[in-house]
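Starting from 1, each residue takes its place in the sequence as its number. All of these numbers come straight from a predicted model, not from anything done at the bench.
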Amino acid sequence: MNFEPSEDQASVLAALDQVLADFRAPPGEPVASAYSQDLADLLAESGFLDIAREDGFGPLDAALVVERVSRSPWAVETAATALVAPAAGLPAGGGPIALLEGKAGGPARFLPVARKLVFLAGDHAEILSVRPEQVATVDSLMAYPYGQLQSPEDRVVEAVVDAAPIRRRWRVGLAAEAAGAMAAALGVVLEHVKTRHAFGRPLGAFQAIQHRLAMAAETVESVRWLARRAAWSDTEADAALAAGFAQSRIAAFTYDLHQFSGAMGLTLEFPLHLWTYRLRALAGELGGASIQARAAAKAVWGDAA
């Protein structure tokens, strides 16, 4: 069963599509990661990333924005600003924000462009200001800009807050990002199998490929609706289930799409990697699918889990 967006949501998404219209094409030259400061500025100036703070809107509307922007070949930080920042008590307009769990000196997505770093350390989270000179860029094929603090032991903590709502919203954002990236990646491959021929027939005419593409489409829809439900309910169980399901499907999903693209699918000239490699990065965040499954079980059954 599908649900249509409300009138307000439809208006927001239509306006967002106008902003994204100039960012639908991938970079003109082969790159491992495509980051657009212009798109990031447009989203911030237009207020899309602060929609959860507006009267009559909330996390679901923010997740819809994150999902839609994640379909772009250009990677920009949306989930942390739109979903995590309100839960962390950060003011509007403070993004971009990088999220990190584990070691304070570990690599974090979007840290080279971030103004804040939210570092999860057990049951609490540290809010850190970030200056460009503190960050070393980390080379990566994961289609996101990565960086790490050069002297994590010298970090200045602005605030310490409860980690639970941050982790919950991070999971929602992870699932929403995955839904958008999956939809875009599948769209690229569907176009490819329609135009690429083998034995005198389009690749998409072969039944074995059709079956696996149908499974990929089912994955996209499942991740999308689980992410939206998690944003709507804003509960620990739904957030962990959405993130865990997305992460558990990423490996098979990306494998199939690259298989259908042949050797070309692994080259930088073919844009598929701009989404599938991002998905690979998301698959390991917050400990991966098994950690999310444990979190969901604990949220539902408590200590009995």
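- Residue Leu141 is found in a hydrophobic cluster whose other members, listed by chain and number, are Leu266, Tyr277; membership requires side-chain heavy atoms under 4.5 Å apart, directly or through intermediates.
- Counting only distance, with no hydrogens or angles, the side chain of Arg168 and the backbone of Asp234 share a donor-acceptor pair below 3.5 Å.
- Here the closest heavy-atom approach between residue Ala163 and residue Gly122 is recorded as CB-O, 3.6 Å.
- Here the shortest heavy-atom pairing between Ala82 and Ala62 reads O-CB, 3.7 Å.
- Grouping the Ile, Leu, Val, Met, Phe, Trp and Tyr side chains by contacts below 4.5 angstrom, directly or via other members, places Leu42 apart from Val66.
- In the hydrophobic clustering of this structure, Val223 groups with Trp275; members are Ile, Leu, Val, Met, Phe, Trp, Tyr whose side-chain heavy atoms approach within less than 4.5 Å, directly or through other members.
- Applying the salt bridge (Lys or Arg N to Asp or Glu O under 4.0 Å) definition to pairs two or more places apart or across chains, those involving residues 101-112 are Glu101-Arg167, Arg109-Glu177, Arg109-Glu285.
- The number of heavy atoms from other shown groups lying within 6.0 Å of CE (Met264) is above 12.
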Task: Stepwise side chain to side chain contact (heavy atoms under 4.5 Å, CB included) check, Phe110 with Tyr146 - done: CA-CA 6 Å; Phe110 296 115; Tyr146 272 86; over 6 Å; no
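- Follow the hydrophobic side-chain contacts under 4.5 Å out from Phe119 and you never reach Leu286; the two are in separate clusters.
- Trp232 is not listed as a side-chain neighbour of Pro59, based on a closest heavy-atom distance of 4.5 Å or more.
- A distance of 10.5 Å separates CG of Leu64 from CZ of Phe57, quoted to the nearest 0.5 Å.
- Between Ile97 and Val84 the shortest side-chain heavy-atom distance does not fall below 4.5 Å.
- Between the side chain of His273 and the backbone N or O of Val31, at least one donor-acceptor pair lies under 3.5 Å.
- Residues that satisfy the side chain to side chain donor-acceptor pair (under 3.5 Å) test with Gln292, not counting sequence neighbours, are Arg171, Gln247.
- Residues Gly173 and Ala79 come closest through the heavy atom pair CA-CB, 3.8 Å.
- Using modelled atom types, one side-chain atom of Ser248 and one backbone atom of Phe245 make a donor-acceptor pair closer than 3.5 Å.
- The heavy-atom pair separating Val76 from Ser36 by the smallest distance is CG1-O, 3.3 Å.
- Residues Tyr35 and Val138 share a hydrophobic cluster, clusters being chains of Ile/Leu/Val/Met/Phe/Trp/Tyr side chains in contact below 4.5 Å.
- Atom CG of residue Leu99 and atom CZ of residue Arg169 lie 12.5 Å apart, to the nearest 0.5 angstrom.
- With hydrogens and angles disregarded, a donor-acceptor distance shorter than 3.5 Å links the side chain of Ser6 to the backbone of Gln9.
- Asp50 is linked by a salt bridge (Lys or Arg N to Asp or Glu O under 4.0 Å) to Arg53, counting only residues two or more places apart in sequence or in another chain.
- Contact of the Met182 side chain with the Leu279 side chain is registered, since non-hydrogen atoms from C-beta on lie closer than 4.5 Å.
- The salt bridge (Lys or Arg N to Asp or Glu O under 4.0 Å) check on Asp238 picks up Arg229, with sequence neighbours excluded.
- Looking at Trp74, its side chain does come within 3.5 Å of a backbone N or O of Ala25 through a donor-acceptor pair.
- Looking only at distances, no side-chain donor or acceptor of Glu218 sits under 3.5 Å from a matching main-chain atom of Glu221.
- Every ring pair (Phe, Tyr, Trp, His ring centres under 6.0 Å) that Phe270 has, sequence neighbours left out, goes to His192.
- Defined by atom type and a distance below 3.5 Å, a donor-acceptor pair is present between the side-chain atoms of Thr254 and Arg280.
- Inter-residue side-chain proximity for Pro27 and Leu274 is flagged as met; some heavy-atom pair is nearer than 4.5 Å.
- At least one side-chain heavy atom of Leu213 sits less than 4.5 Å from a side-chain heavy atom of Val193.
- Clustering ILVMFWY residues whenever any of their side-chain heavy atoms sit less than 4.5 angstrom apart, transitively, puts Val172 in a cluster other than the one holding Val12.
- Residues in residues 84-95 take part in no salt bridge (Lys or Arg N to Asp or Glu O under 4.0 Å) pair, two or more places apart or across chains.
- Residue Gln18 holds its CD atom at 10.5 Å from OG of Ser46, rounded to the nearest 0.5 Å.
- Separating the CG atom in Leu100 from the CG atom in Leu111 is a distance of 8.0 Å, to the nearest 0.5 Å.
- In this structure Glu269 satisfies the side chain to side chain contact (heavy atoms under 4.5 Å, CB included) test together with Pro30, Thr267, sequence neighbours excluded.
- Judged as a salt bridge (Lys or Arg N to Asp or Glu O under 4.0 Å), the pairs with a partner in residues 60-72 (not counting sequence neighbours) are, in order, Asp17-Arg68, Glu67-Arg71, Glu67-Arg224, Glu67-Arg228.
- Contact annotation: the side chain of Pro145 approaches that of Ser33 to within less than 4.5 Å [non-hydrogen atoms, C-beta and beyond].
- Under the salt bridge (Lys or Arg N to Asp or Glu O under 4.0 Å) criterion, Glu133 pairs with Arg131, sequence neighbours left out.
- The stretch residues 139-157 participates, sequence neighbours left out, in these salt bridge (Lys or Arg N to Asp or Glu O under 4.0 Å) pairs: Glu126-Arg155.
- Two residues are said to be in side-chain contact when any heavy atoms from C-beta on lie closer than 4.5 Å; Glu77 and Tyr144 fail this criterion.
- Taking each heavy atom of Val300 and Ala237 in turn, the nearest pair found is CG2-CB, 3.8 Å.
- Atom CG in Leu186 sits 12.0 Å away from atom CD in Glu191 (nearest 0.5 Å).
- The two residues Val118 and Ile127 make their nearest non-hydrogen contact at CG2-CD1, 3.9 Å.
- Atom CG of residue Leu16 and atom CG of residue Leu43 lie 6.5 Å apart, to the nearest 0.5 angstrom.
- For Thr219, the side chain to side chain donor-acceptor pair (under 3.5 Å) test picks out Arg249, with sequence neighbours left out.
- Side-chain contact annotation: Ser11 with Glu7, donor-acceptor N/O pair under 3.5 Å absent.
- No side-chain heavy atom of Val69 sits under 4.5 Å from any side-chain heavy atom of Val19.
- Side chain of Arg212 to main chain of Phe253: no donor-acceptor pair is present (N/O by atom type, distance under 3.5 Å, no hydrogens or angles).
- No donor-acceptor distance shorter than 3.5 angstrom exists from the side chain of His124 to the backbone of Val160, with no hydrogens or angles considered.
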